Each structure stands twice: as C-alpha cells, then as structure tokens.
J.: 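Below is one structure. I have some questions about it.
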Number of protein chains: 2
Amino acid sequence: MGKQAATIVDVARAAGVSPSTVSHALSGKREISLPVKERIFKKIRELDYRPSFYAQAMKRNSTGMIGVVVNECRNPSASLFLDTLAAELEKYSYKIVIGLAGLDHRKGEELLRHFSAGLVDGVINLLPQITPEEAQILCGSTPVVTNIREKLIPVRLDYDQLTRNILNYLWDLGHRRIGYITSPSRDPHRPDGEATRQIMTEFLKSHGEELDPRMIAEGDDSIEGGIAGTEQIMRLGNITAIFAGNDQTAFGIYRWAYLNGVRIPDDISVIGFDDVPQAATLIPPMTTVRFPVQELVTHTVKLLIAKLRQETLPPGQITLDMPLVIRHSVADRKRISAGRRKKALPSGKKNKTIPSIIL
Amino acid sequence: MGKQAATIVDVARAAGVSPSTVSHALSGKREISLPVKERIFKKIRELDYRPSFYAQAMKRNSTGMIGVVVNECRNPSASLFLDTLAAELEKYSYKIVIGLAGLDHRKGEELLRHFSAGLVDGVINLLPQITPEEAQILCGSTPVVTNIREKLIPVRLDYDQLTRNILNYLWDLGHRRIGYITSPSRDPHRPDGEATRQIMTEFLKSHGEELDPRMIAEGDDSIEGGIAGTEQIMRLGNITAIFAGNDQTAFGIYRWAYLNGVRIPDDISVIGFDDVPQAATLIPPMTTVRFPVQELVTHTVKLLIAKLRQETLPPGQITLDMPLVIRHSVADRKRISAGRRKKALPSGKKNKTIPSIIL
DNA sequence: CTCATCAATCAAAACGTTTTGAAAAATAAG
DNA sequence: CTTATTTTTCAAAACGTTTTGATTGATGAG
C-alpha cells in the first residue's frame with residue numbers, strides 16, 4: 001500500500017555515498033567513478049527511486065510545464081485546440097497541463113492563480129471571459145498569453161471582413177433574411193454581438209434594408225444554445241439562412257431543423273464556424289469557416305516562449321486567412337425560387353465574395 | 001518584466017515580523033494580534049505575494065491535484081469524460097490536471113512517470129494501451145486507477161451481452177449481413193476485436209449462418225478510421241447495418257454514406273457507441289448505445305479517493321446499464337422488403353431484445 | 001621527498017514553505 | 001510584588017533536491 005517513496009538520501013545511504021554524489025551521477029554534471037556509478041544505479045532501481053518533482057522544481061525554479069486553462073473541452077473546437085497546443089508545446093519540450101474551469105467564473109480565476117503560483121512556467125488562458133489585463137494580474141509574474149482567438153499580438157484575424165464576406169456570399173445566393181447566433185465573448189472584434197450587429201446593420205442599409213435586432217441570438221457555443229437560438233430566430237418568419245459563431249452551435253441548428261421538419265439546405269441554409277472534423281460528417285456536410293487552428297497555435301506558443309525567455313518577438317503582424325469551406329448546407333435561393341426545386345449547391349462556381357475552399 | 005516573485009521572507013521583512021508569523025496569519029493556525037495581521041496582509045497585497053506551490057506541496061507532501069492522462073481529447077467521448085471527471089473531482093476539492101500523450105506510446109509512459117513523481121496525489125489512466133499492472137509500476141507508490149472503460153473494479157459493464165443484444169435487435173429488424181468497426185483496446189471484454197468476433201460467430205451460428213471475418217474492421221476511434229472501416233465492410237456487398245465501437249467512428253460511417261450516395265437508414269443502418277451530444281444532431285439522428293459516463297466517473301473517483309485515503313471500498317459490484325438510444329439511423333428491413341419504401345422507424349414499438357430509450 | 005595536479009567524493013547552503021517547541025510579553029491570580 | 005497563565009511572536013528544523021566550494025587520496029613532475 002502507501003509505501004513511502006524513496007528519496008535521494010535513501011539511495012545515498014544504501015549505496016554508501018553522499019546525496020550529492022547520487023545527484024551528480026544522475027545529472028552527469030560531475031565525473032563519478034564507474035563502480036560507484038553502478039552501485040548507485042543499482043540501488044536506484046532496487047528502491048524505485050524517482051526524484052521528487054517539486055523538490056526539483058523548487059531548486060531549478062522551473063517546472064517545464066505550461067498551463068492551459070479552458071472552460072470545458074466537450075466542445076470540439078476547444079478539444080482540437082488543446083490537442084494542437086499539446087503537440088506544438090511538445091516541440092519545445094514543454095509539457096502541457098490543462099485546467100478545466102467549468103462554466104464558473106470564480107473557478108477560472110482561481111485556476112489561473114493556482115497555476116501561476118509556480119505550478120507552471122507559463123500560462124495560456126483560453127477563457128474568453130477573462131481579459132488579457134485581468135489574466136496578467138491573476139498570473140502575477142508568470143508569463144501569460146490570452147485572447148488567442150481574438151487578437152493575439154502577432155496575428156491579425158479580420159472577423160469584421162469575414163462577417164461582411166459571409167453576408168455578401170449569402171446575399172449573392174439570394175438570401176435576404178439572415179440570422180446569426182453569437183459565440184460568447186468580451187472582445188468586440190469577434191464576429192458576435194455588437195460587432196456583428198453593426199456590420200449587419202451597415203450591410204443591410206447599403207442594400208436598402210433594415211436589421212431586425214432579434215435576428216441576432218445569443219449563443220453559448222453549446223448545442224442547446226444553438227437550438228434555442230435557432231428557435232428564436234426562426235420564429236421571426238421567412239428566414240432562409242443562419243450562421244453561427246461556432247460549429248457546436250451550428251450542430252444545434254441541424255438539430256432544430258430535424259426536430260421541426262425543416263430541411264437543410266432546401267428550407268434553411270446553415271454556416272458554421274471553426275470547421276471541426278465533425279462538420280464534414282453531417283448530412284448534408286456543413287459549410288463552415290475554417291479557423292486556422294494550427295497557425296494560431298504556432299504563433300501562440302511562439303509568443304509565450306518568447307515571453308518565457310524574456311526575448312521580444314520581431315515586430316509585424318501576419319494575417320491569417322479564414323476561408324469558407326463550401327460544402328452543402330447552403331442553398332442557392334435564386335435557382336430555387338426560379339422554380340427548379342433542385343438541391344442547389346454552388347459547386348464549381350467560383351465566387352468572388354469570399355475566399356473559399358469548395359469540397 | 002521578469003520581476004522575481006515575492007517570498008514569504010520578503011513579506012515578513014516588510015512587515016517587520018518573522019516568516020512563521022506570516023505563515024500563521026495566512027493559515028490561521030495560531031492566533032495573531034489584529035494590528036500585526038493587518039500589517040501582514042497589507043504587505044502581502046503590496047508585494048502581490050503568493051505562496052509557492054511547490055514549497056507548500058513539499059511540506060504537505062500533497063498537491064491537491066489528480067492527474068489524468070489521455071491520448072487526445074479531440075474525440076468527443078474523451079472530452080466528455082474529461083469534463084465529467086473534472087466536475088466530479090471538484091466535489092472532493094481536487095483539481096484536475098490533464099496530460100495529453102498523443103498517439104505515442106512512449107510519451108504516455110513518460111507522462112505517467114512524470115505525474116507520479118509527486119506532481120499529483122493520484123492518477124487516472126485513460127490510455128487503453130497501458131494495462132493496470134503496467135500503470136501501477138509506472139506510477140510507483142502513487143495511487144492509480146486504470147482500465148476505466150473496461151473493468152473498473154467496483155463496476156460491471158457487460159459488453160458481451162450488449163453485443164448480443166445489438167445483434168438480436170438488428171436481426172429482429174431483418175438485418176442479416178451486419179458489419180462491425182472496432183475500437184482500439186487491449187481488453188478482451190470490450191465489444192471489439194476478438195470478443196466481438198466470437199460473439200458474432202456464435203450468434204450467426206445459432207441462426208444457421210457463418211461469419212465472414214472481414215465483416216469486422218479495425219477502427220481507431222477516429223472519423224477517418226470509420227470511413228476506412230466502412231469502405232472495407234461495404235465492399236463485401238449486401239451489408240444492411242454497421243455498428244461501431246465509438247460514435248466518432250460512426251460519424252465516419254455517415255461520412256462514407258454521403259460520399260457514396262448511400263442513404264441512412266434506407267440503404268444502411270448505423271449504430272454507434274457512447275451517445276455523445278453530437279450524435280443527436282446528425283440527420284438522421286443516430287441510434288447509439290448510451291455509455292454511463294457520469295456513473296462510471298463517480299465510481300472511478302470514489303475508487304481513487306479510497307486509495308488515496310488508504311481505505312478499502314465496501315466489496316460488491318454494481319452493474320451499469322448501457323441502453324440503446326433508439327433514434328432514426330436504423331431501418332426496419334422487414335417493412336422495407338415488404339415493398340413499402342417508407343422510412344421505417346421502429347418508433348413506439350417496444351422491443352424486448354435490448355434495454356432501450358426511444359427518442 | 002616535496003609540491004602541484006587531478007579525479008572523485010563530500011559537506012553545507014540554498015530553494016520557500018510549515019510546524020513545533022520555546023521565548024517574550026501581557027494579563028491574571030494570589 | 002511575585003508567580004502562574006495566557007497570548008503573541010520567534011527561531012530552528014524539516015521537506016528533497018541541486019549546486020558549489022572544500023577535502024581527500026592518488027598520480028605525476030621535479
């Protein structure tokens with residue numbers, strides 16, 4: 001049972017040497033004679049000695065770990081991000097430690113505090129409800145990078161333009177009444193809430209229409225949120241397309257559609273956001289925006305590593321594309337209204353409204 | 001920038017008291033006079049002092065954290081499990097720390113070693129490729145629970161009976177040529193590989209048929225694996241149903257079906273395993289086995305906590321149900337072959353072949 | 001034979017806490 | 001005004017490492 005773990009002192013005693021000799025044998029920082037070395041390693045194996053992680057960390061003042069805090073990982077967007085982060089951090093031989101904060105705001109703060117009390121060398125904050133400033137305060141002197149999906153310093157993600165492009169794309173296909181389900185966020189630059197409202201207003205005005213604010217529903221990146229949002233929007237009547245701030249939310253649209261006997265894309269068109277692997281498995285396969293996970297993760301990690309090493313990154317921003325992956329959840333209303341009740345897929349037809357990938 | 005974090009000694013000096021007094025003020029284990037206490041807390045705030053996690057862990061010889069190691073979390077089954085674990089562990093005020101091992105066997109072992117060198121108080125191993133015995137060796141004296149989904153000690157999950165039930169269910173609906181895509185596992189009691197082969201063989205023999213071993217394809221719990229497995233099985237011809245060891249795999253079946261113009265359930269019936277939230281959002285909503293995540297997690301954590309406290313659990317096993325959640329991805333072939341090309345859903349009709357939930 | 005050189009090992013300090021027994025100061029009892 | 005008691009604070013040890021300067025004994029040069 002609870003056998004006490006052996007310490008370096010136990011090993012030293014067993015091998016008849018001093019603890020420092022064992023340490024040196026292990027680290028190879030000083031010459032140790034062969035016979036002694038063998039004796040030591042034999043005892044290490046016998047006693048199943050493993051250096052205490054925290055004792056080491058305390059001496060070195062470093063743990064070789066990066067902490068990532070996130071609300072939950074049940075959302076495929078989140079879990080994909082985490083997997084990618086883990087792989088990227090491994091390249092720098094950092095281990096990743098994930099903290100799950102749940103939906104509770106308090107727990108997230110506590111977790112950041114906890115992590116940055118020396119538990120990890122650096123922190124990546126994925127909680128949207130905590131601003132970069134707050135995160136830095138919570139983390140004290142531990143380097144932290146936040147706001148990954150919004151405005152990571154060396155990266156430019158033009159959500160506003162994306163929203164315009166999507167609107168344009170749908171408009172060109174004959175959609176006039178378009179709904180949107182937000183993703184929770186504080187930053188005004190994510191295509192949600194205020195920003196989207198403004199852009200949609202402008203867009204519609206330039207086409208001589210007016211925005212009904214109820215066409216924008218508040219989502220929470222969950223399937224249930226997606227269902228509820230769809231319900232709210234569809235009640236408005238004559239809606240022909242909905243786009244969502246998150247694929248998980250968009251799955252909710254599919255669910256609502258099935259539950260209400262509404263066909264995709266014949267009756268309602270759907271556009272998601274993230275392009276999680278499951279998006280392609282839906283029937284019809286979902287048209288969605290591809291979020292550049294890998295690139296963003298690469299830059300996130302680069303930035304964090306630079307902070308850790310107290311280096312400064314070469315200035316300059318790189319703009320990452322967010323192309324629309326065109327599958328089959330968006331209908332061409334013009335063809336439909338022209339009487340031909342064919343599943344009208346914009347296949348082949350290269351469009352100019354938005355950078356896209358046709359699958 | 002890299003301002004050194006303040007230590008308890010800094011605080012003590014600043015407040016003109018000894019470090020132990022600060023410690024006591026913080027822990028409340030001894031009475032400290034009000035004015036001194038106030039002085040101390042003022043300085044703590046000023047210096048943004050936070051107790052070093054390791055130093056504390058080292059003294060207490062405990063970290064208050066449980067380590068969970070898993071291959072990846074992109075699979076919804078895995079991420080759901082993790083979220084549930086986190087919530088459950090929180091009830092015991094343990095924090096969860098997730099280690100992502102990727103697909104590399106070596107990294108998994110390393111991670112277990114690393115965790116159990118004092119980084120965490122206990123370990124939950126979710127890597128299927130590591131046996132309970134191996135895990136215990138890797139973890140040394142750190143308590144570890146493994147093999148969660150297969151045979152967690154206090155829990156009985158009858159995969160063999162489940163397989164028989166599913167076979168029966170499909171057979172009753174007129175399915176004769178049934179494929180299966182495995183989930184990777186070492187344990188012979190999971191409904192995959194050998195176990196399933198044997199049960200299918202028996203089942204078919206008792207119905208006067210013989211099993212074509214190619215009807216069992218090897219999956220890896222990925223969408224791609226599901227697509228490939230489906231391809232292999234469908235090539236055999238005349239297949240009317242496939243069931244998968246994992247919902248993610250089953251998503252692959254949907255994908256293959258769409259890509260090949262095969263309709264679900266009219267042409268091919270699909271049954272998944274786990275009942276992840278996304279399963280209901282597919283069109284048609286997927287029939288799948290509900291895995292009792294919450295219950296299993298509850299017992300897993302109970303077992304681990306018992307080990308941590310060096311208590312022994314009251315003996316006895318509890319059997320957890322794995323009901324079939326009947327949605328709309330399985331067709332009634334009898335009605336179909338009777339000429340009526342109606343989407344034949346076994347709705348309402350209570351069947352006796354398998355415990356089920358009809359949605 | 002003496003002194004310098006080198007290899008191998010050790011002892012002690014340090015990392016930042018908590019804990020405990022003891023000291024000092026304040027209060028109460030006689 | 002002692003003495004006992006209580007309250008408040010301190011000093012030192014301990015946790016398990018790593019690091020560094022010192023010590024020992026052996027080896028080689030002169």
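Given the structure is predicted, the values throughout are model-derived calculations rather than measurements. Naming: A, B, ... by sequence-line order, numbering from 1 per chain.
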J.: Taking 4.0 Å as the cut-off, does a side-chain nitrogen or oxygen of A:Thr7 come that near to OP1 or OP2 on D:dG16?
T.: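 For D:dG16, OP1/OP2 do not have a side-chain N/O of A:Thr7 under 4.0 Å.
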J.: Taking only the side-chain heavy atoms of A:Glu31 (C-beta and beyond), determine which of C:dA8, D:dT17, D:dC10 contains the nearest atom.
T.: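 Looking only at heavy atoms from C-beta outward on A:Glu31, the closest nucleotide is C:dA8.
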J.: Any idea which of D:dT17, D:dC10, C:dT17 is nearest the B:Val9 side chain?
T.: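 Selected nucleotide (nearest to the side chain): C:dT17.
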J.: With a 4.5 Å heavy-atom cut-off, do B:Leu119 and A:Met65 have their side chains touching?
T.: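 In contact.
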J.: Taking only the side-chain heavy atoms of A:Arg30 (C-beta and beyond), determine which of C:dG21, D:dT18, D:dG21 contains the nearest atom.
T.: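 The nucleotide sitting nearest to the side chain is D:dG21.
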J.: Is there a donor and acceptor pair closer than 3.5 Å between the side chain of A:Arg60 and the base of C:dG16?
T.: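 Absent.
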J.: Would you tell me if any nitrogen or oxygen in the side chain of A:Thr21 comes within less than 4.0 Å of OP1 or OP2 on C:dT9?
T.: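 A:Thr21 to C:dT9 OP1/OP2: no side-chain N or O under 4.0 Å.
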J.: When you check the phosphate oxygens OP1 and OP2 of D:dT19, does a side-chain N or O of A:Ser20 lie under 4.0 Å from one of them?
T.: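 Indeed not, no polar side-chain atom of A:Ser20 lies that close.
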J.: State which of C:dA8, D:dA11, D:dT17 makes the closest approach to the side chain of A:Ser52.
T.: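 It is D:dT17.
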J.: Output the single nucleotide from D:dT8, C:dA8, C:dT20 whose closest atom is nearest the side chain of B:His24.
T.: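 In terms of side-chain proximity for B:His24, the closest of D:dT8, C:dA8, C:dT20 is C:dT20.
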J.: Under 4.0 Å between a side-chain N or O of B:Gln56 and OP1 or OP2 of C:dT18?
T.: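 Checking C:dT18 against B:Gln56, a side-chain N or O does come within under 4.0 Å of OP1 or OP2.
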J.: Hey, does the side chain of B:Tyr49 come within less than 4.0 Å of C:dT17's phosphate (OP1/OP2), counting only N and O?
T.: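 Yes, within the criterion.
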J.: Return the nearest nucleotide to the side chain of B:Pro51; candidates are D:dC10, C:dT17, D:dG16.
T.: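 Comparing D:dC10, C:dT17, D:dG16 against the side chain of B:Pro51, the answer is C:dT17.
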J.: Classify the nucleic acid contact of A:Ser23 as base, sugar-phosphate or nothing, counting any heavy atom under 4.0 Å across all strands shown.
T.: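 Base, at least one base atom sits under 4.0 Å.
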J.: Rounded to whole angstroms, how far apart are NZ on B:Lys29 and P on C:dT20?
T.: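 After rounding, the gap between these two atoms is 8 Å.
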J.: Establish, with yes or no, whether the OP1 or OP2 oxygen of D:dA14 is under 4.0 angstrom from a side-chain nitrogen or oxygen of B:Lys59.
T.: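 Checking D:dA14 against B:Lys59, no side-chain N or O comes under 4.0 Å of OP1 or OP2.
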J.: Less than 4.0 angstrom from a charged side-chain N to a carboxylate O is my criterion; do B:Lys42 and B:Glu46 meet it?
T.: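 Salt bridge flag = yes for B:Glu46 with B:Lys42.
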